[in-house]
Engineer: 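I have a structure here, written as structure tokens, and I will follow up with some questions on it.
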Amino acid sequence: MKKIFVSLFLFTLLFSACEKKDSVQSNENPVTKQNISVAAKGLSEQHDIILAEMLAASQEQFKQKAPDLNDGENHTFNPEQVFEIIEAVTGVKPEIIAGSVSVNQFKVPATENNLPTYDFDQEEINLSLHANSVLLKPYFDEVDLIVNDCMIDVNDKIIKISTLQQDAQTDEELSCFELENFMNSTEVLKGSLLLWGDFVDDDAIVKNSNGIMYAKSPTEWSLFKKIAFVAAADAVGAVAGTFVGSYIIVNGVPVYIPAGPQGAAAGLAILSFIAAKMVGW
């Protein structure tokens, strides 16, 4: 009889503990989602600060009449000078993968290192191609359509992306990890759209909005197209989750971007800065 009483007592304690845990988790869910949104905004703001520092360093170098980051009138991408500024601001030094290995041959060992590889030698950088969740892919598909729609301005894009964020926050099927993934990438994307929209000259946008959309050289794209490309470059780094380093393909050359002391924000800013130099900014 005593053994039965003890068993019932332990069972009651276990059941009560489970109920309490479920109750706490239920009460924490709304707070957790709010925290995810706040943290995502913080990541975006930190990213913008670091990116602004790199742009300021780039402009300072130009004022000192140092060699232009994009060599000559053809705006040839000069990795050494670009990487020099990145290292000075972030403490991270991108490394060109040595050897004559082709990009296709490179992608196999890169995958084995469990680091994402982003091909910047594309006309568009699509976030959905790097989604690691079946549930998130439709959301990122919509984001890609919005970002690459050159018929709507930056403010309209941000409004549409914000609507998708609201949908994701009320989607009960998304886990906290998936929501964090989506909010981080889209907050960085919105901040980047604003930053690059302000960075370029407004008059130049008006004059060139009907210019070349797709061209062999990114420097010949319309400014709307350039903004979409560069903004998506840093957001794509957040799609895979916490930035722990990555590989990128620039002009057919593999480049390793290590993780640095300033964390994910610096890694994402590096991707955007490199993309900006690719389009001639």
Side-chain angles (χ1 to χ4, degrees), residues 36 38-61 66 69-70 77-99 106-107 109-121 125 127 130 132 177 180-196 199 229-251 253-279 281:
I36 287 173
V38 171
K41 287 181 172 64
L43 174 65
S44 176
E45 291 170 0
Q46 187 181 3
H47 155 275
D48 292 349
I49 291 172
I50 296 172
L51 183 55
E53 289 178 3
M54 286 191 281
L55 290 173
S58 174
Q59 292 172 346
E60 183 62 27
Q61 186 186 68
L69 291 178
N70 293 291
F77 182 78
N78 189 322
E80 291 183 5
Q81 292 176 336
V82 173
F83 297 169
E84 180 182 316
I85 286 181
I86 290 172
E87 183 179 15
V89 173
T90 68
V92 173
K93 184 177 182 180
E95 303 173 14
I96 294 176
I97 306 300
F106 158 76
K107 287 183 178 180
T111 302
E112 293 175 352
N113 288 337
N114 296 321
L115 291 179
T117 300
Y118 307 116
D119 191 348
F120 281 12
D121 291 346
I125 296 178
L127 308 188
H130 301 276
N132 52 15
F177 175 78
E180 181 181 32
N181 184 315
F182 186 72
M183 294 301 295
N184 282 349
S185 54
T186 48
E187 278 300 325
V188 169
L189 177 60
K190 290 194 304 182
S192 191
L193 284 169
L194 278 174
L195 188 151
W196 290 111
F199 177 77
F229 180 84
V230 176
D234 48 9
V236 74
V239 174
T242 304
F243 189 92
V244 291
S246 69
Y247 294 97
I248 63 173
I249 310 298
V250 181
N251 295 337
V253 178
V255 177
Y256 170 56
I257 310 292
Q262 299 187 59
L268 305 181
I270 289 170
L271 297 179
S272 191
F273 185 69
I274 292 175
K277 294 308 171 184
M278 289 180 65
V279 302
W281 287 345

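Quick note: numbers below take in every heavy atom, side chains included, and nothing from hydrogens, waters or symmetry partners.
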Engineer: Enter the distance from Ser192:OG to His47:NE2 here, rounded to the nearest 0.5 Å.
Structural biologist: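 Taking OG in Ser192 and NE2 in His47, the distance rounds to 5.0 Å.
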
Engineer: Would you name the heavy atoms of Tyr118 and Val236 that are closest together and state the gap between them?
Structural biologist: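 Shortest heavy-atom separation between Tyr118 and Val236 comes out as OH-O, 3.4 Å.
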
Engineer: With side chains defined as the heavy atoms from C-beta onward, is the minimum distance between Pro261 and Thr90 less than 4.5 Å?
Structural biologist: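 Of all side-chain heavy-atom pairs linking Thr90 with Pro261, none is under 4.5 Å.
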
Engineer: In Å, rounded to the nearest 0.5 Å, how long is the span from NZ of Lys277 to OG of Ser272?
Structural biologist: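 It is 11.0 Å, given to the nearest 0.5 Å.
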
Engineer: Please name the pair of heavy atoms, one in Ala232 and one in Leu127, separated by the smallest distance, quoted to 0.1 Å.
Structural biologist: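 Taking every non-hydrogen atom into account, O-CD2, 3.8 Å.
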
Engineer: So, taking the atom named CD in Glu53 and the one named CG in Leu51, what distance separates them when rounded to the nearest 0.5 Å?
Structural biologist: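 Here the interatomic distance stands at 9.5 Å.
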
Engineer: Counting N and O atoms only, with roles assigned by atom type, does the side chain of Gln262 sit under 3.5 Å from a partner on the main chain of Val89, one being a donor and the other an acceptor?
Structural biologist: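 Looks like yes, one N/O pair under 3.5 Å.
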
Engineer: Can you tell if the side chain of Pro79 reaches within under 4.5 Å of the side chain of Ile96, non-hydrogen atoms only?
Structural biologist: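 A side-chain contact exists here, since the closest heavy-atom pair is under 4.5 Å.
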
Engineer: Please test Leu43 against Glu187 for side chain to side chain contact (heavy atoms under 4.5 Å, CB included), starting from the C-alpha separation and ending with a verdict.
Structural biologist: CA-CA 8 Å; Leu43 174 65; Glu187 278 300 325; over 6 Å; no

Engineer: In Å, rounded to the nearest 0.5 Å, how long is the span from NZ of Lys190 to CG of Leu193?
Structural biologist: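 That separation rounds to 10.0 Å.
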
Engineer: Is any side-chain heavy atom of Ile257 less than 4.5 Å from a side-chain heavy atom of Ile86?
Structural biologist: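 No - every pair of side-chain heavy atoms lies 4.5 Å or more apart.
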
Engineer: Can you give me the closest heavy-atom contact between Val250 and Met278, atom names plus distance?
Structural biologist: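 For Val250 versus Met278, the nearest heavy atoms are CG1-SD, 3.8 Å.
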
Engineer: Look up atom CD1 in Ile97 and atom CD1 in Ile248, then write down how far apart they are to the nearest 0.5 Å.
Structural biologist: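 With rounding to 0.5 Å, CD1 (Ile97) is 10.5 Å from CD1 (Ile248).
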
Engineer: Using 0.5 Å steps for rounding, measure from the CG atom of Leu55 to the CG atom of Asp48.
Structural biologist: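 One gets 10.0 Å once the value is rounded to the nearest 0.5 Å.
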
Engineer: Hey, are the side chains of Phe83 and Ile274 touching, using non-hydrogen atoms and a 4.5 Å cut-off?
Structural biologist: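 In short, these two side chains touch, coming nearer than 4.5 Å.
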
Engineer: Could you work out, with ring-ring contact (aromatic ring centres under 6.0 Å, His included) as the rule, every residue matching Tyr256, not counting sequence neighbours?
Structural biologist: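 Tyr256 satisfies ring-ring contact (aromatic ring centres under 6.0 Å, His included) with Tyr247 once adjacent residues are dropped.
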
Engineer: With the side chain counted from C-beta on, respond yes when Phe273 and Asp234 share a heavy-atom pair under 4.5 Å apart, and no when they do not.
Structural biologist: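 They are not in side-chain contact.
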
Engineer: What are the two closest non-hydrogen atoms of Leu189 and Ala231, and how far apart are they?
Structural biologist: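 Between these two residues, the closest heavy atoms are CD1-O, 3.6 Å.
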
Engineer: Looking only at non-hydrogen atoms, find the nearest pair between Pro94 and Val92 and report the distance.
Structural biologist: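 In terms of heavy atoms, the two residues are closest at CD-O, 3.4 Å.
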
Engineer: Are Val239 and Asn132 close enough that some pair of their side-chain heavy atoms sits under 4.5 Å apart?
Structural biologist: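 SC-SC contact between Val239 and Asn132 ruled out.
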
Engineer: Sub-3.5 Å donor-acceptor pair from the side chain of Ser58 to the main-chain atoms of Met54, do we have one?
Structural biologist: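 A pair under 3.5 Å: no.
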
Engineer: Is there side-chain contact between Phe182 and Ile36, with heavy atoms separated by less than 4.5 Å?
Structural biologist: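 They are not in contact (no side-chain heavy atoms under 4.5 Å apart), so the answer is no.
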
Engineer: If every non-hydrogen atom of Ala238 is compared with every non-hydrogen atom of Asn184, which pair is closest and at what distance?
Structural biologist: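 Scanning both residues completely, I find the closest heavy atoms to be CB-C, 4.2 Å.
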
